[in-house]
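One structure below.
Heavy atoms only: backbone and side chains are in, while hydrogens, waters and symmetry mates are out. Convention: sequence-line order gives letters A, B, ...; per-chain numbering from 1.
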Number of protein chains: 2
Amino acid sequence: MGGEKPRLRTPTLKDIARELGISAMAVSKALNGKGGVGAETLQRVKETAERLNYQPNAVAKSLRLSSTKTIGVVVSDSSLSFFAKVVKGIEETASRNGYSIILCNTDQDCSKEKLAIQVLVNKRIDGLILAASMLTRKEDVAYLRSFGIPFVFLIRRSEAEEVDYVINDNIGGACQMVDYLVGSGSRKVHFINLNEEIPSRKDRLSGYRKALEENGISYEPSLVRSVKPTIEDGHSAMVELLDGKEEIQAVFCGCDVIGIGVMEAILERGLRIPQDIRVAAYDDIDFAAYLRVPLTTVRQPKFTIGCKGTELLIEKIRVGGQEAKHLVLQPELVIRMST
Amino acid sequence: MGGEKPRLRTPTLKDIARELGISAMAVSKALNGKGGVGAETLQRVKETAERLNYQPNAVAKSLRLSSTKTIGVVVSDSSLSFFAKVVKGIEETASRNGYSIILCNTDQDCSKEKLAIQVLVNKRIDGLILAASMLTRKEDVAYLRSFGIPFVFLIRRSEAEEVDYVINDNIGGACQMVDYLVGSGSRKVHFINLNEEIPSRKDRLSGYRKALEENGISYEPSLVRSVKPTIEDGHSAMVELLDGKEEIQAVFCGCDVIGIGVMEAILERGLRIPQDIRVAAYDDIDFAAYLRVPLTTVRQPKFTIGCKGTELLIEKIRVGGQEAKHLVLQPELVIRMST
DNA sequence: ATGAAAGCGCTAACAT
DNA sequence: ATGTTAGCGCTTTCAT
């Protein structure tokens with residue numbers, strides 16, 4: 001596969017066997033504790049393996065057993081605080097169960113994602129985790145299934161019903177937050193939501209509307225807009241809002257990153273948070289408590305989503321084709337100074 | 001290797017060959033564009049591969065060619081903003097060069113790190129990246145070498161001279177910052193440094209001392225302390241300082257996370273930053289610009305460290321045994337409101 | 001308790 | 001241009 005530097009050959013089972021004048025098979029059994037090998041042989045094998053610094057070749061093992069004990073993890077951007085936590089949960093759970101993870105970034109690029117999956121499939125991963133995948137449509141699921149490898153969606157769910165996923169309750173989370181905002185005095189809540197690329201936006205909007213409805217407030221589409229989840233876009237959206245003539249009481253942001261931009265824009269105008277405008281967001285990323293104004297937000301169980309998703313996948317790898325499981329974890333309201 | 005669910009067999013070269021009544025070898029050549037195969041055959045092979053959804057088995061390829069096109073990445077905690085950026089740089093560079101990465105976390109636990117490396121070696125990674133490794137002593141390097149796999153240190157360098165690494169200039173960065181603090185009016189600079197677990201602390205201390213010296217200020221050990229790089233520890237260290245009778249003009253923190261805790265402690269007392277106390281730190285993590293007080297800090301080129309380290313490793317994998325390279329990247333002073 | 005044979009899927013080397 | 005042989009390192013199966 002292109003290894004240009006021929007390295008010193010690593011000892012194999014055969015080497016140990018030859019050294020001891022026994023068969024490779026006996027060594028294999030001894031080293032794997034399968035039994036069927038005498039106590040004395042076992043002892044000698046172990047000693048020799050140690051002495052030669054024998055390292056079992058997992059590649060050969062994988063080929064033989066068609067299982068690599070490796071999970072593919074495809075994520076949009078592992079360097080974002082949010083996903084970094086999810087990945088940590090995945091890695092920890094995988095490792096605890098004897099699996100390694102191969103990490104790939106897609107940068108929200110569908111063809112990059114397909115390419116990554118291709119590579120992973122070629123490397124014969126035992127299962128695949130898709131965190132905030134772009135392949136959520138029904139036809140994408142057919143594509144994913146074509147590889148015959150179990151997979152689980154995280155954060156974003158697939159449109160196809162029969163697919164496993166672990167997400168947080170976006171409707172519930174948004175609803176709780178808006179309900180809190182309204183209940184604590186802001187009858188008028190602007191919503192700077194995530195943009196079209198991010199499917200969760202729909203559920204968060206539903207939650208927003210649900211909360212309004214429950215509070216007998218009519219939904220006003222003009223209060224809602226959507227932007228990319230960046231500080232800059234949050235900032236400029238808020239600037240626009242501030243430049244308009246509409247009164248602004250409270251702003252609910254589709255994610256914390258947008259919230260940061262929004263707060264900056266407000267503070268730049270010399271307005272106060274929360275006295276003049278209240279700000280709330282979604283995710284509870286690291287440092288949300290230490291921002292310009294500590295941010296009220298909906299905490300997604302990021303690490304737990306990674307853990308649960310991995311457990312689910314490993315179960316699928318081991319047991320195989322049961323029906324699809326859907327885990328919807330409950331987020332938690334975190335009230336800080338910004339409201 | 002324990003795959004319990006027998007999956008449908010995936011087509012192999014032989015299947016394609018049988019389908020076309022030719023040899024597996026011909027198919028291999030055709031699919032790999034090695035030439036030595038007729039135009040018509042080539043066409044038919046490609047069609048059939050497509051039709052059968054053939055996925056080359058990289059495991060078999062790896063066994064045959066003893067190269068996995070996979071790099072092991074061992075990092076203390078990939079979920080920390082800082083390391084997440086480094087890992088992104090690694091992943092991006094690796095992927096661009098046709099490598100995948102297996103990611104392992106060590107949580108600063110030496111035995112966990114050794115275990116991770118063991119697994120990676122068994123999986124026959126082509127090279128190893130150690131980001132903030134615990135295995136920096138000379139005897140550790142012997143251990144690492146015993147596997148016969150090229151490796152590169154990132155962030156932290158090894159004590160052994162003949163080992164490749166990519167770091168930032170901790171001495172220079174700290175020196176610049178302290179020089180700036182002194183030059184802009186704070187003759188007395190407290191230093192809340194990183195604790196013993198983190199070797200970079202030494203260089204940052206050297207930089208601190210160097211700057212003082214250059215400014216004709218005598219080094220006062222009582223102004224220096226060290227804490228774990230957490231918000232809590234930064235906070236309590238600062239509380240102690242504030243409770244003391246010593247005058248405090250400026251605090252230089254060993255990293256941004258400590259800086260966050262320090263700022264919290266100062267603000268809790270009703271003191272102002274920077275009017276009453278100036279705060280500076282090291283790293284420039286995400287959101288450092290959006291904290292309670294935008295943080296003046298030394299920007300480490302995190303992403304670039306990942307990229308350069310990976311390029312270096314890949315070069316070693318390809319070319320092999322040249323002499324060790326040491327890359328010391330220049331950090332950048334980022335002046336914000338906290339000073 | 002131990003071993004021999006076979007084969008996982010692939011390709012380098014050597015025929016034809 | 002194409003095919004044959006052999007083997008990467010391992011384990012399952014079936015002998016002994």
Minimum-distance nucleotide to B:Ile22 side chain [options: C:dC10, D:dG3, D:dC10]: D:dG3
Whole angstrom value for the distance that separates P of D:dC10 from CG of A:Leu31: 9 Å
A:Arg124 CZ to D:dC10 P, straight-line distance once rounded to whole Å: 21 Å
Proximal nucleotide (of D:dG9, D:dT11, C:dG9) relative to the A:Asn57 side chain: D:dG9
Beyond-backbone contact of B:Pro150 with B:Leu128, side-chain heavy atoms, under 4.5 angstrom: no
B:Leu63 side-chain proximity, nearest of D:dC8, D:dT11, C:dC10: D:dC8
Per A:Ala26 side chain, nearest of listed nucleotides D:dT11, C:dG3, C:dC10: C:dG3
Trace of the side chain to side chain contact (heavy atoms under 4.5 Å, CB included) decision for A:Asp107 with A:Lys112: CA-CA 8 Å; A:Asp107 300 315; A:Lys112 236 180 136 179; 2.6 Å; yes
Options C:dG9, D:dT12, D:dT4, nucleotide nearest the side-chain atoms of A:Arg64: D:dT12
Integer-rounded Å distance: C:dA12 P and B:Lys61 NZ: 10 Å
Comparing B:Ala39 and A:Met25 on DNA chain D - which has the more 5′ nearest nucleotide: B:Ala39
Find every protein N or O atom lying less than 3.5 Å from an N or O atom of nucleotides 14-16 of chain C, and list the pairs.
none

Atom-to-atom span, NZ of A:Lys14 to C1' of D:dA6 - whole angstrom: 11 Å
Residue pair A:Ile155, A:Ile305: steps toward the side chain to side chain contact (heavy atoms under 4.5 Å, CB included) verdict: CA-CA 8 Å; A:Ile155 317 292; A:Ile305 289 175; 3.9 Å; yes
Separation of D:dT11 P from A:Ile16 CD1 (nearest whole Å): 11 Å
Options C:dC10, D:dG3, D:dG9, nucleotide nearest the side-chain atoms of A:Ala60: D:dG9
Atom-pair distance (CG on B:Leu13; P on C:dG9), nearest Å: 10 Å
Modelled atom types, side-chain donor and acceptor of A:Glu113 and A:Ser133, under 3.5 Å: yes
